[in-house]
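First up is the structure itself, then whatever we jot down about it.
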Amino acid sequence: MFINIPSPLQQLKDFAGHQVLIKRDDLIDPYVSGNKWRKLKYILAAANAQQKNHLVTFGGAYSNHLVATAAACSKAGLKSTAFVRGDAVACIHNEMLMLCRLFGMELIFTDRLSYKNKSSLFELRFAEDQNAFFVDEGGASPEAVKGCAEIIAELPTDIDHLFCAAGTGTTAAGLLTGIHQLGLKTKLHVIPVLKGGDFIADEILKYTGSTDQLVLHTDYHFGGYAKTKPELIDFIKTFTATEGILIDPVYTAKMFYAISHLHASGYFKPTEKVVALHTGGLLGLMGMKDKF
Ligand SMILES: *Cc1c(COP(=O)(O)O)cnc(C)c1O
């Protein structure tokens, strides 16, 4: 499968004299983008090892994970099916689900209540299907953590502060695992994009067994998951026009906003090396066209 790894590391232009580097995982692939590829890599390998050729997964109507799974499966010659939370009629103009279909994914629309029990949805429909392989929402799994840990090996070893956005915290767990494995001094700064993001620390702890070197910044959620405020939208416009790099309102914009805010308040020492992980997910912009 052709995938752009290692992804480039480049310098941002405009952090008021401070060197901020950006790890461009958004350039791995336009559709199997960013951390979603990192998460799928060993899931695909596990399915392959068990000789399963059909990935069955779960997501909301604007899920980057669904598009990534659909695209990765078509590249790998696998079938894909997704249980989509929501109503088919409401999703008729949804660009991301259109892409999923184009990549050959079968979509099963599911009401919110049944969606909650993913293993029973899987059992009901696919218990008899020897080829079906269960992939949790967002790809959350030990395989995903392993894939995300590999990002650290592609980065310089002398980073002081590494930043990432978090939804479930799986990506962050992988990064911290990588940092621990290589014995680096790097601090991992995590920006939960949901309200009440303290739970992310427990999620990370489940996988890593220690939250040493983890710094959680829970005040940059802008009202909650997929919520924005005019100042975040303005930030995206300025950032994109200045840097020539797209960021999305759901994840990466909240992380870059946090870095910029911390920077402006003198959080970083001038000599410290700061790296931001661009986790991709730019199709998230499609769900918010009316905001721009
Ligand atoms: C899914 C996603 C995340 C969140 O990853 P988790 O492992 O769930 O924390 C971050 N950034 C982007 C762009 C994503 O699509």
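Computed from a predicted model, the values in this text were never measured in an experiment. Atoms within a ligand are numbered from 1 in the order they appear, just like the ligands themselves.
Open room surrounds NZ on Lys195; 12 or fewer heavy atoms of other groups in view lie less than 6.0 Å from it.
Under a 4.0 Å heavy-atom criterion, Gly280 is in contact with ligand 1. Under the 4.0 angstrom criterion for non-hydrogen atoms, His278 is not in contact with ligand 1. Ligand 1 is approached by Gly169 to a heavy-atom distance shorter than 4.0 Å.
Formation of a donor-acceptor pair under 3.5 Å by the Ser141 side chain with backbone atoms of Ala144 is found in this model. Formation of a donor-acceptor pair under 3.5 Å by the Glu154 side chain with backbone atoms of Ile151 is not found in this model.
Among all non-hydrogen protein atoms, the one lying nearest atom 11 (N) of ligand 1 is Thr279 OG1, 2.7 Å. Of the protein's non-hydrogen atoms, Thr168 OG1, 2.6 Å is the one closest to atom 8 (O) of ligand 1. Among all protein heavy atoms, the one lying closest to atom 7 (O) of ligand 1 is Thr171 OG1, 2.7 Å. Residue, atom and distance of the protein heavy atom nearest to atom 1 (C) of ligand 1 are Lys36 NZ, 1.6 Å. At the top of the distance list for atom 10 (C) of ligand 1, counting protein heavy atoms only, stands Tyr251 CD2, 3.3 Å.
Contact annotation: for His65 versus ligand 1, there are no heavy atoms closer than 4.0 Å. The side chain of Asn64, and not its backbone, has at least one atom closer than 4.0 Å to an atom of ligand 1 (non-hydrogen atoms only; side chain from C-beta on).
Side-chain N/O atoms of Thr168 and Thr170 include a donor and acceptor closer than 3.5 Å.
In this structure, Lys52 fails the cation-pi test against Phe126, since its NZ or CZ atom is not both closer than 6.0 Å to the six-membered ring centre and inside 45 degrees of the ring normal.
Salt-bridge annotation for Asp158 and Lys273: present, with a side-chain N of the basic residue lying under 4.0 Å from a carboxylate O of the acidic one. The pair Lys146-Glu143 fails the salt-bridge criterion, with no side-chain N (NZ, NE, NH1 or NH2) lying under 4.0 Å from an Asp/Glu carboxylate O. Taking the charged nitrogens against the carboxylate oxygens, Glu150 and Arg38 have no contact shorter than 4.0 Å, which rules out a salt bridge. A salt bridge is absent between Lys187 and Asp160: the closest approach of a Lys/Arg side-chain nitrogen to an acidic carboxylate oxygen does not fall below 4.0 angstrom.
Remark: ligand 1 and Gly281 share no N or O pair separated by less than 3.5 Å (distance only, no angle test). At a 3.5 angstrom cut-off on N or O pairs, Ala165 does not count as close to ligand 1.
The closest heavy-atom contact to atom 5 (O) of ligand 1, among the options Ile191, Asn35, Ile200, comes from Asn35.
Short contacts between ligand 1 and Ala166, defined as distances under 4.0 Å to a heavy atom of the residue, involve ligand atoms 9 (O). Each of the atoms 7 (O), 9 (O) of ligand 1 lies under 4.0 Å from some heavy atom of Thr170.
Between Phe163 and the choices Val20, Thr252, Leu277, Val274, the side-chain contact (heavy atoms from CB on, under 4.5 Å) rule is met once, by Val274.
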